Amino acid sequence: MDLGFLSDPYLQSWANLLLRWLHVIAGIAWIGTSFYFIALDLSLEKPKDGNPAIRGEQWSIHGGGFYYKRKYALAPPEGLPERLHWFKWEAYWTWISGFALFVLLYWGNASVYLIDPEVLDLPVWAAIAISAAMLVLGWVGYDLLCKSRFGQNERLLGAILFAGLSVAAVVAAHVFSGRGAFLQVGAMIGTMMVANVAMVIIPGQRKLVEAVKAGTEPDPRYGIAGKQRSVHNNYLTLPVLFLMIAPHYPMVTNHPANWAVLIALAAAAVLVRHFFNLRHTGRVNWALPAAGAAIVLVLVVLLAPRPDPALAGARVPEFAEVQAIMASRCASCHAARPTQEGFAEAPKGVRLDSPAQIRRWAAASAEQMRSEAMPPGNLTEMTPEERRAFLAWVAAGAPAR
Ligand code: HEC
């Protein structure tokens with residue numbers, strides 16, 4: 001399909017860079033407000049003046065000034081102020097930029113990023129259809145669950161949601177490439193979070209404002225639902241951030257049990273988030289981050305690369321042989337002028353098209369090859385013998401002859 005200038009790989013690289021930049025900026029603003037308001041809410045103290053309309057208040061100092069914040073129990077009895085600050089565009093722009101980036105990379109270049117024929121040999125359209133369906137179903141299922149009778153019991157709901165995300169991780173890991181699976185689950189969580197803002201929190205706040213304007217008693221249900229979703233979003237921030245950066249680390253994304261690694265690290269992230277939220281209420285429970293750190297430590301040990309028995313005593317190939325392997329399996333992308341469709345320049349600046357560059361990147365290439373992260377989705381059909389030959393060459397100190 002010719003999409004005109006949209007399919008120009010050079011312009012795509014710019015779109016990638018600018019969208020990623022925007023995504024990080026908007027994400028910082030959004031997650032920053034989430035951290036700030038949840039912390040504020042949890043650290044509110046009873047109002048000193050005993051005003052029953054006030055749920056709590058907090059004094060703070062920041063940027064060289066004192067702040068005095070109060071939260072109303074429901075509506076301010078004195079009516080609404082002229083200007084009311086809303087928080088929604090940071091959430092919307094995080095999703096818009098993130099979704100655009102996901103489409104550009106994982107759907108637009110699905111055979112590189114999303115599909116791994118050794119996991120499941122999907123045609124591009126099917127991979128995109130499954131990915132899109134999972135994004136929608138994730139939100140619909142989550143929303144129905146929150147509105148069901150399970151939605152009343154926060155702990156039970158939390159457990160069911162975690163189980164649901166674990167199922168999504170297992171499915172994604174058996175359908176997509178390692179990095180594709182991690183980003184798919186991350187995109188699902190991100191979509192749920194932004195839909196919480198757009199479909200529950202903001203509409204509820206509109207109802208609240210309307211009621212106050214009309215001088216009627218606002219329905220507390222909207223506030224309760226908004227608070228519930230806002231707390232969920234807060235707990236999801238650390239897992240989603242991990243999933244967004246994980247694709248650059250094939251030791252986690254390309255492990256045969258990568259779904260278990262995903263679930264374990266998401267659990268560690270939730271524990272750490274919970275530690276901070278408890279701490280905002282004045283309770284300090286070091287067992288939480290300790291458990292999170294223990295999970296990470298166990299993974300560090302479990303995922304450590306094992307020496308490949310096939311490498312011991314393996315023949316070290318001539319450098320010419322290594323060059324031939326790189327030329328046929330890697331240099332279609334990793335060259336000053338890639339021939340692979342969709343690439344304008346060597347990805348990550350890693351060029352494997354000259355003897356000096358091949359040796360320069362030898363250790364990094366070995367790391368990518370050991371985890372089978374490269375070639376992506378084995379697009380260039382590298383054989384296990386070639387993989388072993390290259391690794392034996394690197395293990396022998398990457399000799400230049
Ligand atoms: C289809 C194109 C393609 C082929 C073929 C390919 N790569 Fe890559 N390579 C990429 C992309 C895309 C990235 C950037 C990945 C990212 O964004 O994390 C990359 C990144 C890398 C990196 C840097 C990893 C990092 O994040 O630091 C190394 C090293 C690498 N490739 C080595 C290889 C080797 C060795 C081969 C051949 C066995 C190979 N690649 C084949 C597309 C390719």
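Counting starts at 1 for both ligands and their atoms, following the listed order. Every value quoted in this text rests on a predicted model; they were computed, and no experiment measured them. Heavy-atom basis, side chains included; hydrogens, waters and symmetry copies ignored.
For Met369, every heavy-atom contact with ligand 1 shorter than 4.0 Å involves the side chain, none the backbone.
Using 4.0 Å as the threshold, Phe390 has no heavy atom nearer than that to any atom of ligand 1. At least one heavy atom of Arg179 sits less than 4.0 Å from an atom of ligand 1.
Ionic pairing of Asp41 and Arg55 is not present here: no N-O contact between side-chain nitrogen and carboxylate oxygen is shorter than 4.0 angstrom. One finds a salt bridge joining Arg70 and Asp49 here, because a Lys/Arg side-chain nitrogen approaches an Asp/Glu carboxylate oxygen to under 4.0 Å.
Screening residues 271-297 for salt bridge (charged side-chain N to carboxylate O under 4.0 Å, His left out), with sequence neighbours left out, gives no hits. Pairs passing the salt bridge (charged side-chain N to carboxylate O under 4.0 Å, His left out) check and including a residue from residues 321-338, sequence neighbours excluded, read Arg315-Glu321, Arg329-Glu386.
In summary, the aromatic rings of Trp259 and Phe182 are positioned with their centroids too far apart to meet the 6.0 Å limit.
Take a cut-off of 2.8 Å around atom 8 (Fe) of ligand 1: the protein N, O or S atoms inside it are His334 NE2, Met374 SD.
Without hydrogens or angle criteria, Glu345 side chain to Ala336 main chain gives no donor-acceptor distance under 3.5 Å.
Near Ala364, with a cut-off below 4.0 Å to any heavy atom, the atoms of ligand 1 are 29 (C). Close contacts between ligand 1 and Thr380 involve ligand atoms 5 (C) [criterion: under 4.0 Å to a heavy atom]. Within the listing of ligand 1, atoms 1 (C) sit less than 4.0 angstrom from a heavy atom of Leu379. Which parts of ligand 1 touch Phe343 is read off a 4.0 Å heavy-atom cut-off, strictly below it: atoms 2 (C), 12 (C).
Backbone and side-chain nitrogen or oxygen atoms of Arg329 are examined, and none is located within less than 3.5 angstrom of a nitrogen or oxygen of ligand 1.
Per-atom contact check: atom 7 (N) of ligand 1 touches the protein, criterion being a heavy-atom distance below 4.0 Å.
Ring geometry for Phe275 against Trp286 counts as tilted: the plane angle lies between 30° and 60°, on a 0 to 90° scale. Under the 30°/60° scheme for interplanar angles, the aromatic rings of Phe102 and Tyr106 are found to lie parallel. Classification of the Trp89-Trp93 ring pair by plane angle, with boundaries at 30° and 60°, yields tilted.
For Glu210, the salt bridge (Lys or Arg N to Asp or Glu O under 4.0 Å) test picks out no residue, with sequence neighbours left out.
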For Asp219 and Lys207, what are the C-alpha separation, side-chain angles and deciding distance, and is it a salt bridge (charged side-chain N to carboxylate O under 4.0 Å, His left out)?
CA-CA 8 Å; Asp219 186 339; Lys207 291 264 194 296; over 6 Å; no
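When hydrogens are left out, the protein atom nearest atom 12 (C) of ligand 1 is Tyr113 OH, 3.1 Å; that is the closest non-hydrogen contact.
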